[in-house]
There are 2 protein chains.
Amino acid sequence: MSRIIDPYDVMPKYHQLAALLREKIDNGEWQPRSAIPSERQLESLYGISRTTIREAIDILVRQGYLYREHGRGTFVSPEKLQKAMLELTSFSEDLIRRGIRPGQIIRSLEWVVPNPKILQKLELPAGASVLRIERIRLGNDTPIGLQTSYLALREGQDITLEEMEANGSLYSILQEKLRIIPSEADETLEVTLATREEAFLLHIEEGAPLLLSERVLFAQDRRPVEFVKILYRGDRYRYTVRLTR
Amino acid sequence: MSRIIDPYDVMPKYHQLAALLREKIDNGEWQPRSAIPSERQLESLYGISRTTIREAIDILVRQGYLYREHGRGTFVSPEKLQKAMLELTSFSEDLIRRGIRPGQIIRSLEWVVPNPKILQKLELPAGASVLRIERIRLGNDTPIGLQTSYLALREGQDITLEEMEANGSLYSILQEKLRIIPSEADETLEVTLATREEAFLLHIEEGAPLLLSERVLFAQDRRPVEFVKILYRGDRYRYTVRLTR
DNA sequence: CTGGTCATGTGGTCACTACCAGTTAGATTA
DNA sequence: TAATCTAACTGGTAGTGACCACATGACCAG
């Protein structure tokens with residue numbers, strides 16, 4: 001018995017359908033490399049117009065669950081492609097996805113006037129102050145990264161240490177308290193060597209290789225919200241992306 | 001004078017329109033953060049249905065050129081967001097985009113039986129042979145990376161040294177000669193230290209930090225085509241991605 | 001001046017329809 | 001038998017028309 005599309009649901013139909021199809025893929029009802037019903041078949045199966053069907057399939061194609069072949073049909077992707085990893089995720093989500101238990105130690109949380117490079121990345125005028133949060137990130141209780149966030153918040157917006165400690169996830173505070181929805185980010189990765197302090201905090205030798213990630217996070221209206229710098233232990237972290245044409 | 005949509009063009013209208021709009025953004029006719037004409041206005045401006053208009057805008061939104069705000073309009077993204085970098089690009093394209101002149105030295109090109117890890121990534125049976133291409137990648141004539149590609153080609157498919165040297169781009173040979181269209185890739189990045197041989201080839205010290213990238217490339221039908229391993233000089237290369245929600 | 005209402009313009013969702021462009025398999029033809 | 005044609009599928013592109021959800025500013029009542 002297959003669930004059905006509810007026209008009175010708050011979620012749009014194409015979204016409901018996409019979820020429904022993804023379920024069939026996830027639970028193995030539709031095997032990798034096999035064809036799913038044609039768009040016209042789905043039309044009558046679910047009583048939904050082809051426009052909507054295609055919209056749902058589009059989503060799953062972009063996420064890597066399905067691929068189309070013109071004239072032949074739409075097929076289920078091999079399993080390993082079914083995880084859309086280029087998606088913008090928070091550090092914790094990222095680790096959980098890999099089966100590692102995330103943790104963190106908040107070293108500081110205060111308003112500061114950062115250096116010009118950071119102001120420029122956040123498109124702020126000289127002398128503007130931002131909220132700086134310094135954290136040590138843990139994976140299964142071992143330090144794996146040093147993270148420093150600089151947040152460009154508006155007048156009246158703030159985040160307290162209590163909130164950070166209670167909630168844990170900066171992204172969910174941004175979304176739920178401040179209504180800032182992360183929607184895009186630019187990230188660069190390079191190699192550096194650990195300074196004495198970094199080495200101490202990460203329990204490694206001074207001069208050990210680190211993976212340095214710098215990310216600028218943009219909100220719905222494409223304004224920069226956060227500049228994050230993360231130093232990962234070179235021996236404990238591997239970065240993964242999915243690229244699409 | 002604005003160009004117009006040609007219904008007899010081989011390219012679909014939404015593609016033509018997207019190109020046309022992108023041009024207006026690129027040449028500054030439409031300023032960042034300003035609203036572009038509404039979808040209904042574009043409809044009558046270009047004599048195209050709203051369906052098609054939206055399809056064109058969708059493309060530009062995905063590429064980061066535009067963003068929508070429900071109830072308000074569609075706006076031009078700030079300039080720095082206008083380059084979609086999460087896209088799958090070849091090494092050469094990538095460098096050219098940054099204003100660096102690419103070059104390469106082909107060290108070898110031969111059929112080999114690779115190790116099991118690589119066979120597994122390419123979903124090939126034990127003992128299968130693949131085409132291995134070893135190259136030194138140059139940026140402005142300086143070595144910046146060591147690249148080893150393993151290609152899973154079908155019976156009868158081959159690439160010769162002459163073709164590689166004449167054409168330079170592996171991706172364009174794949175596409176034009178073998179009709180293999182790269183459409184997705186999984187990439188991982190991590191840190192390693194240079195071995196003696198790597199150090200020699202890259203003109204650096206043994207033990208210097210390197211950025212190691214491993215990429216599996218998938219074709220239209222989501223079959224793995226290439227496994228590439230690239231070692232970048234840590235001091236000369238920075239990796240960039242654009243993440244989207 | 002303040003707060004609510006409402007008209008209007010925006011993007012978001014959806015249905016129905018039509019035709020084009022690849023693919024495939026079976027029927028037809030040489 | 002082998003090559004070919006053709007019909008019936010597949011997804012791809014495009015138009016039309018309708019209504020919903022959200023944003024905004026003009027207007028009005030308190």
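On a predicted model such as this, the values are computed, not experimentally measured, just so you know. Letters A, B, ... mirror the listed sequences (proteins, then strands); counts begin at 1.
A:Thr188 and A:Arg215 are not linked by any side-chain donor-acceptor pair at a separation below 3.5 angstrom, with hydrogens and angles left out of the test.
The nearest whole Å value for the distance from the CD1 atom in B:Ile36 to the C1' atom in C:dG9 is 15 Å. If you take CD1 of B:Ile57 and C1' of C:dT10, they are 11 Å apart, rounded to a whole angstrom. Distance NE2 (B:His15) to P (C:dC20): 22 Å, rounded to an integer number of Å. Atom C1' of nucleotide C:dG11 and atom CG of B:Leu42 are separated by 12 Å, given to the nearest angstrom. Distance CD (A:Glu39) to P (C:dC14): 16 Å, rounded to an integer number of Å. One can place CZ of A:Arg50 at 11 Å from C1' of C:dT17, the figure rounded to the nearest angstrom. C:dG11 atom P lies 14 Å from atom CG of B:Leu60, rounded to whole Å. Atoms CE (A:Met11) and P (C:dG12) sit 15 Å apart, rounded to a whole Å.
Mapping A:Thr51 and A:Arg72 onto DNA chain D by nearest heavy atom places A:Arg72 at the nucleotide closer to the 5' end. Nearest-nucleotide positions on DNA chain C place A:Pro12 closer to the 5' end than the other of A:Glu69 and A:Pro12.
Within 4.0 Å (heavy atoms only), A:Gln41 reaches sugar-phosphate atoms of the nucleic acid but no base atom. Residue contacts for B:Ser38: at a heavy-atom cut-off of 4.0 Å it reaches the sugar-phosphate backbone alone, with no base atom in range. A:Thr52 comes within 4.0 angstrom of sugar-phosphate atoms only, judged by non-hydrogen atoms across all strands, and of no base.
Between A:Tyr14 and C:dC14 there is no side-chain polar atom (N or O) within less than 4.0 angstrom of OP1 or OP2. OP1 or OP2 of C:dG11 lies within a sub-4.0 Å distance of a side-chain N or O belonging to B:Thr74.
Residues passing the salt bridge (charged side-chain N to carboxylate O under 4.0 Å, His left out) test with A:Glu29 are A:Lys24, sequence neighbours excluded. Listed by chain and number, the residues in a salt bridge (charged side-chain N to carboxylate O under 4.0 Å, His left out) with A:Arg54 are A:Glu39 (sequence neighbours excluded).
A donor-acceptor contact shorter than 3.5 Å is absent between the side chain of B:Glu123 and the backbone of B:Gln120.
In this structure, A:Arg33 fails the cation-pi test against A:Phe75, since its NZ or CZ atom is not both closer than 6.0 Å to the six-membered ring centre and inside 45 degrees of the ring normal.
Salt-bridge check for A:Glu214 with A:Lys117: passed, with a basic side-chain N closer than 4.0 Å to an acidic carboxylate O. Classification of B:Glu110 and B:Arg132 as a salt-bridged pair holds, one side-chain N sitting under 4.0 Å from a carboxylate O.
Donor-acceptor pairing under 3.5 Å, judged by distance alone, is present between the side chain of B:His70 and the base of C:dG11.
Contact footprint of chain A on DNA chain D: nucleotides with an atom under 4.0 Å from a non-hydrogen protein atom, first to last in 5' to 3' order, D:dT10 to D:dT13.
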